[in-house]
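Read the structure below first, then the notes.
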Amino acid sequence: MTALDLSALSSQLDNCLTRDSHALRTRLHGLKRRASKGLPIDKGLLEVAAQIEASQQAVEARRALLPTIRYADDLPVVLRREEVLAALTKNQVLILCGETGSGKTTQLPKIALEAGRGVRGLIGHTQPRRIAARSVAARIAEELDTPLGEKVGYQVRFTGQVSDSTLIKVMTDGILLAEIHSDPLLSKYDTLIIDEAHERSLNIDFLLGYLKRLLPKRPELKLIVTSATLDVERFSAHFDGADIMSVEGRTYPVEMRYRPVQGDDDDRDRDLPRALLDAVDELAAEGAGDILVFFDGERGIREAEEALRKHPVPRHLGATEILPLYARLSAADQARVFQKHGGRRIILATNVAETSLTVPGIRYVIDTGLARVSRFSAHAGIQRLQVEPISQAAARQRAGRCGRLGPGICIRLYAEDDFAKRPAHTDPEILRTNLAAVILRMESWQLGHVDDFPFLDKPDGRQIKAAYDLLFELQAVDETRRLSALGAQLSRLPVDPRLGRMVLAGERDGCLAEMLVIVSGLTVQDPRDRPPERQQAADQAHAAWKNTTSDFLSLLALWRWYEEQARHLSQAKLRGLCEKNFLSYVRMREWRSLHQELRGLFHEEGVHENEAPVSEDVVHRALMTGLLGHLALRDEEKRKTNPAKDKREMVSYQGVKGRKLAIHPGSALVKTPPKWLMSAQWLETTRVWGAMNAAINPRWIEPLAKHLLSREVSEPHYQLDSGRVAAFETLSLYGLPVVLRRAVNYAAIDPLDARRIFILEGVLGALEGWEVVADQAWSTPSPQPSPARG
DNA sequence: CTCTCCCTT
């Protein structure tokens, strides 16, 4: 064979599946090298030629699947289809800015198909949320008149419908990110659409960084990044000045009214209900239409609900219905928002209604301008959840919720100049979160140092250090920040690093069964429902599994009970049972799915769970491997000064790193605070709360925390009876003494000094002592001291 | 005496 055949073959690669072309190109390079050394390559060439042939046939088969593309008539993106097509042909990257109603989410994948994408590889389309991924896929499939799961498929955690004939695959951004592990080139895609990039979740930022590096290695890959806000220059600059296309939205104008809460800042909380009632009255006078009110949390919602129920809302337009809406609400209560209704509705919502759920039929919005924002404080090493003024972008998003049906009105319960002073955008998650999981992934995928990774926003050095500190605590990296064998294992577990560490301890200590249950239970949202108006009944039902020394064992008890029921009950009966026991069926199912998934990972490796139950201590010691940074000692002084009679005074704890904390009232341990406490989570809101707790034995700490303990040796002294030099040692974990004044052999610690003391106190002391004894022998006896009392 | 919202090998 000649060099001509080699180049002829390599020119054919552009007609192969993207999945194959990279491997085949590598193969051809190898053959070229062989040929240059004068080695025979005939057989290799024949094989490659056959593979190319097969791959091209697969491409043709996919081309035959192309559906007739029909567009939803007059959506703004569709009207500018030609431009998008041209941009896709000309450029590798396109930034598309399209606001609500532009049609970008549903129409772009179809335009990509029309541009000839989706044949050599999949068109991958990512969504930030699972529900959205599924519904977007269903919608596109419907518009293309094909059944979901064939030409248009979707994939989210635990479920999905994708087949060999899938051309468009809609998935969560988390799925695409996870695929990098098994396919670093993302070679099965010929096009990627990263939707809702303005949300700037950790997944999106990680993907955009990764894709920047990937694009040069995948010249045939096209990327579309979409954003609903106008600040797309950042994205463009990130991708070396990629073209930007802006498509208008399809929304109605929203009139802004500023009605700041009267009174000074300290009184805001008190005056907010008043301001809310005034706003409701003002909007009620405008005419019919539902009102959506945004709050920072459940508490504000409940206060507002109470105030509204007492308040005579003008009723000439029919009854007014008040509905709370937040993520923790039971599925049935959430569903009420989507039911048809007469009269006026006032929906009191948290941020769920800002992006995750679209409440239908909203004509008016009232915005308190506040939200709870999670931030990881690297300095304190703790996660905070504080109420903050929302950004301008978030405020616009909230207001936009009443501009979908017709012109809307939004009342902001803050001043216009307050709005003007706010940050333009919400800080991206990567600047607000604990980076341990990100860094663990980067280490395991060998992506180099975080500082060099092309993140849109570079994380702060202190955040990076805090993340490495946590990874060291978990023994996932060593002192030099090198990934350990344990770290490599940890990176393959799709759970929080602390929780993953527990599972690995469970594997080692023969309590994998228990760890899989507890860790999956800690990962999903708590399935125990506690509706505000039926808290007592709920608590009563949950008491069946309650363990007052360990919330973890409560979880385990709930699981065992449920598994027993599930074994002989139909799905419908199980659902009813959940309802009766104030459990969320959906979350119980999530728990089981995650448990199943984690279990599967171990089974693949041939590791199986222990069959015999283990002692509670074994379970808690395995948990502790992940929670060494969340240990605390009861503050005894406080207990003395505040007698137990005063029940309102909460028992305070002294945690590691000097943190003061208290047991969260949702914990079963709140009434029986143990001396030593271990918490799955520390969260600072009004104060630092320890959530999901267990009483522990401090003796477990030393063997598990050897790599973290600092030792302080004091009072070396000669011991007359043993004839040795002894001292006391105090071991501290992050500044918290965990072993107090334990006698140790000083010679093993500081042999030279021990020898000095031996001579000084032992030898000379013995002489001195001998003198004393001699003295006493010749002098009159002194009176014996009376025994000590009390 | 209480905690916004998402996502995964």
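Fair warning: this is a prediction, and the values are worked out from it, not measured in the lab. In what follows, chains are A, B, ... by sequence order, proteins preceding strands, each numbered from 1.
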field: base_contact_polar (B/dT2 base, A/Arg299 side chain, donor-acceptor, <3.5 Å)
entry: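 No.
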- prompt: Below 3.5 Å, does any donor atom in the side chain of A/Arg530 face an acceptor in the base of B/dT2, or the other way round?
  reply: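 Yes, the side chain and the base share a sub-3.5 Å donor-acceptor pair.
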To the nearest Å, how far apart are [X] [atom1] and [N] [atom2]?
X: A/Glu590; N: B/dT8; atom1: CD; atom2: P; answer: 9 Å
X: A/Leu370; N: B/dC3; atom1: CG; atom2: P; answer: 15 Å
X: A/Arg129; N: B/dT8; atom1: CZ; atom2: P; answer: 12 Å
X: A/Arg384; N: B/dC3; atom1: CZ; atom2: C1'; answer: 16 Å
X: A/Leu522; N: B/dT8; atom1: CG; atom2: C1'; answer: 17 Å
X: A/Glu429; N: B/dT8; atom1: CD; atom2: P; answer: 13 Å
X: A/Arg328; N: B/dT2; atom1: CZ; atom2: P; answer: 15 Å
X: A/Asp427; N: B/dC5; atom1: CG; atom2: P; answer: 19 Å

Within the 4.0 Å heavy-atom criterion, would you say [X] contacts the bases, only the backbone, or no part of the nucleic acid?
X: A/Ile663; answer: nothing
X: A/Ala691; answer: base
X: A/Gly297; answer: sugar-phosphate
X: A/Ser374; answer: base
X: A/Ala371; answer: nothing
X: A/Arg492; answer: base
X: A/Arg130; answer: sugar-phosphate
X: A/Glu298; answer: sugar-phosphate
X: A/Glu179; answer: nothing
X: A/Thr686; answer: sugar-phosphate
X: A/Val352; answer: sugar-phosphate

task: Using the closest heavy atom to pick a nucleotide of DNA chain B for each, name whichever of A/Val373 or A/Pro494 lands nearer the 5' end.
output: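 Final value for this comparison: A/Val373.
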query: Of A/Leu493 and A/Met692, whose closest DNA chain B nucleotide lies nearer the 5' terminus?
result: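 In this pair, the answer is A/Met692.
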field: Listed partners of A/His198 passing ring pair (Phe, Tyr, Trp, His ring centres under 6.0 Å), at least two apart
entry: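 Scan of A/His198 (ring pair (Phe, Tyr, Trp, His ring centres under 6.0 Å), adjacent residues dropped) gives none.
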Nearest-nucleotide pick for [X], side chain only, options being [options]:
X: A/Pro665; options: B/dT2, B/dT4, B/dC6; value: B/dT2
X: A/Arg372; options: B/dC6, B/dC3, B/dT9; value: B/dC3
X: A/Trp689; options: B/dC7, B/dC6, B/dC3; value: B/dC3
X: A/Arg157; options: B/dT9, B/dC6, B/dC3; value: B/dT9
X: A/Thr350; options: B/dC5, B/dT8, B/dT2; value: B/dC5
X: A/Glu597; options: B/dC5, B/dT4, B/dT9; value: B/dT9

Residues A/Arg372 and A/Asn351: side-chain donor-acceptor under 3.5 angstrom: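 There is no such pair between these side chains.
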- request: For the residue pair A/His664 and A/Trp689, categorise the inter-ring angle as parallel (less than 30°), tilted (30 to 60°) or perpendicular (more than 60°).
  value: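 The rings of A/His664 and A/Trp689 stand perpendicular, inter-plane angle above 60°.
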- request: Identify the heavy atoms of A/Arg432 and A/Ser374 that sit nearest to each other, and give their distance.
  value: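 Scanning both residues completely, I find the closest heavy atoms to be NH1-O, 3.1 Å.
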- prompt: Is there a donor-acceptor contact under 3.5 Å from the side chain of A/Thr523 to the main chain of A/Val519?
  reply: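 Yes, A/Thr523 side chain to A/Val519 backbone: donor-acceptor pair under 3.5 Å.
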message: Determine whether the aromatic ring centres of residues A/Trp591 and A/Trp559 are separated by less than 6.0 angstrom.
response: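 They qualify: ring centres under 6.0 Å apart.
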- request: Would you please confirm or rule out a distance under 4.0 Å between OP1 or OP2 of B/dT9 and any side-chain N or O of A/Ser182?
  value: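 For B/dT9, neither OP1 nor OP2 has a side-chain N or O of A/Ser182 closer than 4.0 Å.
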message: I want to check one thing: is the phosphate of B/dT8, taken as OP1 and OP2, less than 4.0 Å away from some side-chain N or O of A/Thr172?
response: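 Yes.
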Below 3.5 Å, can you tabulate the donor-acceptor pairs from side chains in residues 131-138 of chain A to any protein atom, sequence neighbours excluded?
unit_1   : atom_1 : unit_2   : atom_2 : d
A/Arg134 : NH1    : A/Tyr154 : OH     : 3.0
A/Ser135 : OG     : A/Ile131 : O      : 3.2
A/Ser135 : OG     : A/Ala132 : O      : 3.3

